[in-house]
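The structure appears below as structure tokens.
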Amino acid sequence: MSAHLNLSCKSPTPELKPPKITIMWRNLGTKRSISKSRHGWWRNVPIAPKDPILGVTEAFIADTNPNKINLGVGSYRDDEGKPVVLQCVGKAAALIDGEFQSGESDLSFVTESVKLAYGENSGLMQERRVAGVPALSGTGACRLFAEFQRRFQPESSIYLPMPTWSNHHMIWRDALVPQRTYRYYDSESKRLHFAALMNDVKNAPERSLFLLHPCAHNPTGIDPSEEQWREISHLFQVKKHFPFFDMAYQGFATGDLQKDTKALRVFLNDGHLIGCAQSFTKNMGLSGQRVGCLSILCADERQAIAVKSQLHQIARAMYGKPPVHGALLVSKILSDPDLKALWVHEVKGMVDRISGMRTTLHGKLEKLGSSVDWKHIVKQIGMFCYSGLKPEHVDRLAREFHIYMTYDGRLSMAGVTNANVDYLANALHEVTKSEGASSLVVSLPKAPIAEQTLPILADSSAQWEEFFDGDSRQDFIVD
Ligand code: PLA
């Protein structure tokens, strides 16, 4: 401002004031107008709703109580509650140290990943019918497929199980693919609602795309049996549906990586063309590396080349390529027999620890004389216990006991340890004291979670109640 005054005073002809005009123009950019325009660009942007899973971790981190427990996100922890670097990963890291990290690693990573999912001896690799690309972990693999689906099956919807991982709704929403749901879980019996599932598969229009969890279903911890997979696969053949498997927990259902691919095997034996998203986040503990693979089994090599080229092109415009370090670690582990054997052993170790904690927690609750029937804690498999706790229980657990979980009552069993299991059992007993034996019944969301704002620590559970109406079959379309 003072510069402006000084300069204008230098003008010999005050009427023209040329320097002043220049300075006045500059003056438009003074602090006040700059800050105004800066605020103007994004003034209409509202704060995004908290993520139903990641928001729990935020609340946990903000809590300073020493007894706090995070049972929100499904990340494996050891019995001291610490994140684990698998030994096989440490050894592989030493081996790849200094290795030339070029795009060449893609090939072996994809080949090894596909072998792991489709089977070592499957002839599919020799037939070159699998279009596989590295992806940004399981989330990125799903997102890439959703984008591919919208481009090449623009009229199609995606059928998601109800319930499913909350982010599935957001992934397909952002890819602008209409969503439908199919029934999966029976809240009363806490079992697979097989008849309803088959009914919904049967009633879907021919040639629909379905997302299936091949093992360790998130959040219910309930998988179809092999016989049930056969029936599902048969019905898919009749209806010409396309199965897209989101395999984020290979190994976590049974502790055996091969057994956990039984759903894929059944579908492959029946001659289906399939899609598969693989994640190494949980089973290799590579959360920070974001390693995944998207594969699509095509009718012949020509198709596979075309599909792969399109997947690469979509990825190229979104993020280029995923980082290579994690993919190198995975391909090293999968291609080295000793490292692979060590990995298989370590996966079993993680799964055994989780199922041991299920037994311990269940035993403690029985000992406390809980009136609630907690058998599902030991019956369910994988990382999660779909407890049936209601939003008001979840609220109380957070407020009074500093125990955090998602509002649907999903507990990550990977966060339970010998040191915190007594405290957890007491807290669960305390908040459910007034409940009867059969009262822990999950109410399923009545609308896609992505469509509504989920309360993380709701002041009242009324907000949450809006999500539920007890009707497990909801069809909805995202425009
Ligand atoms: N698919 C399913 C069914 C998942 O449960 C998850 C992760 C993913 C894909 C994504 O895997 P990624 O981390 O390899 O991308 N679900 C977690 C974490 C474990 C999360 O929500 O991000 C969960 O707590 O549900």
Side-chain angles (χ1 to χ4, degrees), residues 49-60 70-77 83-84 109 113 116-117 134-146 158 160-172 174-175 184-185 210-223 243-253 260 263 275-294 318-319 322-323 326-327 329-330 350 354 380-387 404-416 445 449-450 454 456:
K50 293 247 189 223
D51 182 84
I53 296 171
L54 302 183
V56 176
T57 304
E58 282 176 34
F60 168 79
N70 188 4
L71 306 179
V73 69
S75 347
Y76 184 74
R77 296 286 180 264
V84 174
F109 167 72
S113 304
L116 185 72
L136 283 172
S137 73
T139 310
C142 286
R143 183 67 176 86
L144 199 52
F145 181 78
I158 186 76
L160 300 173
M162 191 57 101
T164 191
W165 179 44
S166 51
N167 205 22
H168 282 148
H169 293 293
M170 299 197 267
I171 289 170
W172 268 268
D174 282 3
Y184 187 85
Y185 179 72
F210 277 73
L211 183 144
L212 302 165
H213 297 224
C215 56
H217 181 275
N218 175 12
T220 65
I222 295 164
D223 290 344
F244 178 70
F245 292 98
D246 180 10
M247 188 151 64
Y249 300 95
Q250 187 177 356
F252 273 91
D260 279 8
C276 182
Q278 283 171 270
S279 162
F280 293 96
T281 304
K282 269 74 68 180
N283 57 16
M284 276 199 199
L286 292 176
S287 174
Q289 300 278 354
R290 316 313 292 147
V291 201
C293 179
L294 170 64
M318 283 205 286
Y319 52 82
L329 287 172
V330 172
M350 291 192 278
I354 292 175
Q380 294 167 355
I381 49 156
M383 234 181 212
F384 303 107
C385 167
Y386 203 41
S387 67
Y404 294 86
M405 64 189 67
T406 51
Y407 253 96
D408 56 0
R410 185 194 83 166
L411 275 80
S412 171
M413 291 303 299
V416 185
I449 287 172
L454 270 189
I456 292 303

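Counting begins at 1 with the first residue of the sequence. Treat the numbers as computed from the prediction; the structure is a model and nothing was measured. We count ligands from 1, going down the list as the structure has it; atoms in each ligand are counted the same way.
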Worksheet entry | Side chain, backbone, both or neither: the part of V73 lying under 4.0 Å from ligand 1 by heavy atom |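 Near ligand 1, V73 shows its backbone as well as its side chain.
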Worksheet item: Which is it for F280 and ligand 1 at heavy atoms under 4.0 Å: side chain, backbone, both or neither?
Response: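 Looking at F280 and ligand 1, no heavy atom falls under 4.0 Å.
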Worksheet item: Would you say R410 has any N or O atom under 3.5 Å from an N or O of ligand 1, going by distance alone?
Response: yes
Under 4.0 angstrom from ligand 1, any heavy atom of [X]?
X	result
R290	yes
I53	yes
M383	no

Worksheet item: Do N70 and R77 get their side chains close enough for a donor-acceptor pair, meaning under 3.5 Å?
Response: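 No donor-acceptor contact under 3.5 Å links the two side chains.
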Discussion item. Parallel, tilted or perpendicular: which one describes the rings of Y184 and H217, with boundaries at 30° and 60°?
Written reply: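 It falls in the parallel class, under 30°.
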Worksheet item: Does the ring of Y386 carry R410 above it, NZ/CZ under 6.0 angstrom from centre and within 45° of its axis?
Response: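 Output no; distance or angle outside limits.
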Worksheet item: Who gets closest to atom 8 (C) of ligand 1 by heavy atom: F384, Y249, W165?
Response: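 Residue with the shortest heavy-atom distance to the ligand atom: W165.
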Worksheet entry | Backbone N/O of Q250 and side chain of D260: donor-acceptor pair under 3.5 Å | no
Worksheet item: Between F244 and F145, does the ring centroid distance fall short of 6.0 Å?
Response: yes
Fill in: Per-atom contacts, ligand 1 versus G74 - under 4.0 Å to a heavy atom
19 (C), 23 (C), 24 (O)
